[in-house]
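Notes to accompany the following structure.
Hydrogens, waters and symmetry mates play no part in the numbers below; they use all other heavy atoms, side chains included. Every value quoted in this text rests on a predicted model; they were computed, and no experiment measured them.
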Amino acid sequence: MYTNKQADLLSDGRAHAEEGALSVSKSLGNRWQWEAQTALRRESVVSTGFAEPVRAWEQRAQSSLHGFLSQAWSVRLDILQDRYDREWMPIQPVFRTFWKDRARGPLQLQASVGGMRHYARPALNDRYWYPGGNVDLLPESGWMLDGDVRMAWKTTWWKGNVQTMGWLGNIDHWIQWAPGAGSFWQAENLASVKTSGVEIRIDAERPVASGQHTSCYGQVIYGYTHARNATGEFLLYQPGHRATAVAGFRFKGFSFGLRQQASGWRPVSRDGQEWLPAYALLAADCGALFDLDDWQIQAQLSLENLTNTYVESVVGRPLPGRSFRLQVILRRSSAGFQQNKPG
């Protein structure tokens with residue numbers, strides 16, 4: 001359900017999607033590994049916010065080559081190409097090089113550097129949402145560079161890692177929604193956007209019952225993003241600061257965790273003089289994994305916004321209140337599956 005209090009707009013709708021994927025891999029000697037994958041997704045949306053029902057087909061073809069140059073160095077090249085409604089998009093190459101230091105006691109250092117061509121077609125809402133959708137939107141196109149450094153440790157009772165990531169990019173035709181005529185918003189392209197940022201992530205896990213595959217785990221993530229258009233204006237609703245904290249436990253193939261997400265102030269004007277306040281939302285995640293010979297079933301239930309907190313995603317349009325999402329994944333392997341044992 002979408003709402004706009006200023007325009008007294010109430011839009012009910014439903015959406016569903018089906019998707020599937022197929023992958024193959026092959027070793028090319030002792031140092032190279034090749035993999036190919038194709039994925040197909042069909043999305044259908046019926047909403048009073050759309051002038052008419054909308055359906056879209058999306059397909060992705062991907063080929064990957066991973067080479068191990070030495071014990072410390074490896075490289076990976078991915079070639080991606082998407083297809084939307086029988087039209088092929090430009091090829092997107094992704095290159096990455098990895099370095100891994102030999103383990104020194106319980107510690108190990110890793111690092112990687114990579115770059116990619118960015119290409120993103122406008123989403124269904126961007127093109128067809130009524131009012132405000134823009135069928136003449138151009139796809140985003142540009143480049144991204146990123147790198148990360150990771151320190152991992154593992155002892156008898158603890159394992160975890162600390163990872164720092166940074167990125168830099170330049171995107172043409174950036175898509176954003178901005179205030180338009182009256183109280184409605186409209187999708188638009190920005191000529192050029194420069195973005196950069198950093199993210200720090202800490203993970204830790206500790207077994208609590210020997211032989212029972214039971215463990216407690218925690219995670220903390222903090223990120224900062226700086227993004228401006230070619231004239232130095234703020235990007236609307238792009239928070240500079242964001243954070244996530246997770247705590248939970250695993251027992252054999254079952255897991256449960258609490259997730260606290262927080263976002264900093266979000267600009268609602270291009271000059272940065274008007275902002276939406278920061279917010280924090282609490283959620284819970286439950287998971288189960290079952291191995292049945294050649295089949296594996298994975299179920300994930302997420303309960304979002306447990307406290308039913310009112311948060312506006314944009315001015316006058318709140319995020320969903322208390323809600324849930326259920327995901328079930330079925331996998332089959334002729335080699336069979338080995339029971340997942342955390343810890």
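- Crowding of Arg31 atom CZ: a count of heavy atoms from other residues, nucleotides or ligands under 6.0 Å not exceeding 12.
- For Arg127, there are no salt bridge (Lys or Arg N to Asp or Glu O under 4.0 Å) partners two or more places apart in sequence or in a different chain.
- A donor-acceptor distance shorter than 3.5 angstrom exists from the side chain of Gln108 to the backbone of Asp101, with no hydrogens or angles considered.
- Nearest heavy-atom pair, Pro139 versus Pro122, reported as atom, atom and distance to 0.1 Å: CA-CD, 4.0 Å.
- Residues Tyr119 and Val193 do not share a hydrophobic cluster, clusters being chains of Ile/Leu/Val/Met/Phe/Trp/Tyr side chains in contact below 4.5 Å.
- Residues forming a side-chain hydrogen bond (donor to acceptor under 3.5 Å, both in side chains) with Ser63 (at least two apart in sequence, or on another chain): Trp34.
- Other residues, nucleotides and ligands place no more than 12 heavy atoms under 6.0 Å from the CH2 atom of Trp265.
- Not a single salt bridge (Lys or Arg N to Asp or Glu O under 4.0 Å) links Glu87 to another residue, sequence neighbours left out.
- The side-chain hydrogen bond (donor to acceptor under 3.5 Å, both in side chains) search around Arg41 returns Glu19, not counting sequence neighbours.
- Figure legend: Arg206 and Tyr217 shown without cation-pi pairing, the cationic atom not lying both under 6.0 angstrom from the six-membered ring centre and within 45 degrees of its axis.
- Between Arg250 and Ser255, the shortest heavy-atom contact is CG-CB, 3.9 Å.
- The two atoms that bring Glu35 and Ser23 nearest to each other are OE2-CB, 4.3 Å, heavy atoms only.
- In this structure a side-chain-to-backbone donor-acceptor pair under 3.5 Å is present from Gln81 to Met89.
- Considering only residues two or more places apart in sequence or on other chains, Phe68 meets the ring pair (Phe, Tyr, Trp, His ring centres under 6.0 Å) condition with His66.
- The side-chain hydrogen bond (donor to acceptor under 3.5 Å, both in side chains) check on Glu274 picks up nothing, with sequence neighbours excluded.
- Side-chain atoms of Glu140 come within 3.5 Å of backbone N or O of Ile175 as a donor-acceptor pair.
- Remark: the backbone N or O of Gln163 is not paired with any side-chain donor or acceptor of Asp148 at under 3.5 angstrom.
- Considering only residues two or more places apart in sequence or on other chains, His173 meets the ring pair (Phe, Tyr, Trp, His ring centres under 6.0 Å) condition with none of them.
- Ser27 places no side-chain N or O within donor-acceptor distance of the main-chain N or O of Gly29, the cut-off being under 3.5 Å.
- Residues Phe290 and Phe254 bring their aromatic ring centres within 6.0 Å.
- For Glu199, the salt bridge (Lys or Arg N to Asp or Glu O under 4.0 Å) partners two or more places apart in sequence, or in a different chain, are Arg242.
- Here the closest heavy-atom approach between residue Trp295 and residue Arg332 is recorded as CZ2-CD, 3.1 Å.
- Remark: side-chain polar atoms of Asn308 are paired, donor with acceptor, to backbone N or O of Arg322 under 3.5 angstrom.
- Taking the six-membered ring wherever Trp is involved, the centroid distance between the rings of Phe234 and Trp275 falls below 6.0 Å.
- Figure legend: Arg76 and Phe98 shown without cation-pi pairing, the cationic atom not lying both under 6.0 angstrom from the six-membered ring centre and within 45 degrees of its axis.
- Between the side chain of Asn189 and the backbone N or O of Leu138, at least one donor-acceptor pair lies under 3.5 Å.
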side-chain contact (heavy atoms from CB on, under 4.5 Å) evaluation trace for Ile329 with Ile297: CA-CA 6 Å; Ile329 300 174; Ile297 302 174; over 6 Å; no
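- Grouped with Trp57 in one hydrophobic cluster are Leu40, the linkage being side-chain heavy-atom contacts under 4.5 Å among Ile, Leu, Val, Met, Phe, Trp and Tyr residues.
- With sequence neighbours excluded, no residue forms a ring pair (Phe, Tyr, Trp, His ring centres under 6.0 Å) with Tyr84.
- With sequence neighbours excluded, no residue forms a side-chain hydrogen bond (donor to acceptor under 3.5 Å, both in side chains) with Glu58.
- A side-chain donor-acceptor contact under 3.5 Å links Gln260 to the backbone of Leu281.
- With sequence neighbours left out, the salt bridge (Lys or Arg N to Asp or Glu O under 4.0 Å) criterion links Arg55 to no other residue.
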